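Written below as structure tokens is the structure these notes are about.
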Amino acid sequence: KTTQHELGADAAKRKQVARAIESPVPLGKKVKHPLEILGRDFGLEALAAAVKKPLSGLRVACYYGCLLTRPPGVPQLDDAEAPTIMENVIEAAGAQTVSWSHRLECCGASFTLSRPGVVVKLTSGILGAAKEAGADCLMVGCPLCQGNLDLRQQDVEAASGVRYGLPVLYLTQLLGLALGLPAARLIKLLIPEPERGRFDARPAGASQVAPPAGEVARARTASVVECSGSFSSRMPSPKWNSTGGGLRSTPMTAPGLAT
């Protein structure tokens with residue numbers, strides 16, 4: 001979106017790019033974020049009608065990060081300082097969203113490799129705020145944000161001495177589960193080598209009962225999210241080298257959601 005915005009406004013830069021690619025710069029097709037397509041083009045009512053396994057009882061902290069709606073006027077996704085599109089989309093799938101303080105804060109972005117200590121500090125604040133708000137998991141709209149908040153979570157817990165145990169899911173993962181897609185397939189489309197897990201959701205129209213207190217655990221051994229009997233997922237932790245700023249030689253793991 002930023003590229004399209006800048007090239008559309010700068011004729012000299014557009015000509016420079018056209019020379020480099022030996023072709024006119026294609027600006028006729030609008031670049032859209034999946035949230036725009038789901039929340040506006042497809043529509044919230046149509047999305048709610050398509051849900052097969054409502055995320056009933058799941059408390060979600062929607063995390064926009066620092067660039068999903070910024071700079072103002074470029075993404076044109078939602079209000080830059082008070083967006084609601086993520087909440088609207090996931091609520092249409094039956095989830096409950098929480099109000100929290102860090103949904104627009106920076107996670108450290110690409111500093112995850114060059115300055116891992118910065119990422120650990122920033123993500124600690126984000127995870128702590130989500131936990132304090134009573135969230136069962138975080139939903140993100142940026143793969144890099146997911147990587148920092150999920151893959152670095154063990155490092156954050158080790159540095160802070162606080163156990164967060166918060167699964168971090170990309171928006172299409174949660175929506176895919178609500179739409180009845182196999183959890184294992186959703187994970188394979190996102191990050192390779194998922195560990196075993198499970199997702200049990202109440203079909204649409206099934207009787208509802210008062211949900212017990214949701215408990216989220218994210219241990220590598222047997223962490224399970226349970227909310228009102230409608231959401232269960234095993235969330236393993238990947239192996240990170242906190243001193244070297246990267247993955248160890250052991251295989252990368254990711255949030256595991258398998259039916």
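Note that the coordinates shown come from a computational prediction; the quantities given were computed from them, not determined experimentally.
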### Query
Would N148 and T112 count as a side chain to side chain donor-acceptor pair (under 3.5 Å) if you check the C-alpha gap in whole Å, the side-chain angles of each, and the deciding distance to 0.1 Å?
CA-CA 7 Å; N148 284 344; T112 189; 3.1 Å; yes
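In this structure, E6 and K13 have side chains that are in contact, with non-hydrogen atoms separated by less than 4.5 Å. Side-chain atoms of L138 and L149, non-hydrogen and from C-beta on, do get closer than 4.5 Å to each other. Side-chain atoms of I126 and C107, non-hydrogen and from C-beta on, do get closer than 4.5 Å to each other.
The salt bridge (Lys or Arg N to Asp or Glu O under 4.0 Å) pairs that include a residue from residues 102-130 are E87-R103, where partners are two or more places apart or lie in different chains. The salt bridge (Lys or Arg N to Asp or Glu O under 4.0 Å) contacts involving residues 67-85 comprise R70-E81, where partners must be two or more places apart or lie in separate chains. Pairs engaging residues 168-178 under the salt bridge (Lys or Arg N to Asp or Glu O under 4.0 Å) rule: none recorded [sequence neighbours left out]. Residue pairs meeting the side chain to side chain donor-acceptor pair (under 3.5 Å) criterion with at least one partner in residues 14-27, sequence neighbours excluded, do not occur; the list is empty.
The shortest non-hydrogen separation linking L55 to A178 is CG-CB, 4.0 Å. When all heavy atoms are compared, the tightest approach of L47 to V89 is CD2-O, 3.7 Å.
Hydrophobic clustering of Ile, Leu, Val, Met, Phe, Trp and Tyr side chains at less than 4.5 Å, counting indirect connections, keeps L144 apart from L68.
Taking Ile, Leu, Val, Met, Phe, Trp and Tyr as members and joining any whose side-chain heavy atoms lie under 4.5 Å apart, directly or through other members, the hydrophobic cluster of L122 also contains F111, V118, V119.
With hydrogens and angles ignored, the 3.5 Å screen pairs a side-chain donor or acceptor of R59 with a backbone N or O of G134. Put simply, the side chain of Q153 never gets that close to the backbone of Y164: no donor and acceptor are under 3.5 Å apart. Q173 places a side-chain N or O within donor-acceptor distance of the main-chain N or O of Y170, the cut-off being under 3.5 Å. A donor-acceptor pair is defined here as one N or O able to donate and one able to accept, closer than 3.5 Å; no such pair exists between the side chain of W100 and the backbone of A135.
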Kindly list each side-chain donor-acceptor pair under 3.5 angstrom involving residues 27-45, sequence neighbours excluded, with atom names and distances?
| unit_1 | atom_1 | unit_2 | atom_2 | d |
| --- | --- | --- | --- | --- |
| K32 | NZ | D41 | OD1 | 3.3 |
| K32 | NZ | D41 | OD2 | 2.7 |
| H33 | ND1 | L35 | N | 3.0 |
| H33 | NE2 | G141 | O | 3.1 |
| E36 | OE1 | K1 | NZ | 3.4 |
| E36 | OE2 | K1 | NZ | 2.3 |
| E36 | OE2 | H33 | N | 2.9 |
| R40 | NH1 | L77 | O | 3.0 |
| R40 | NH2 | L77 | O | 2.2 |

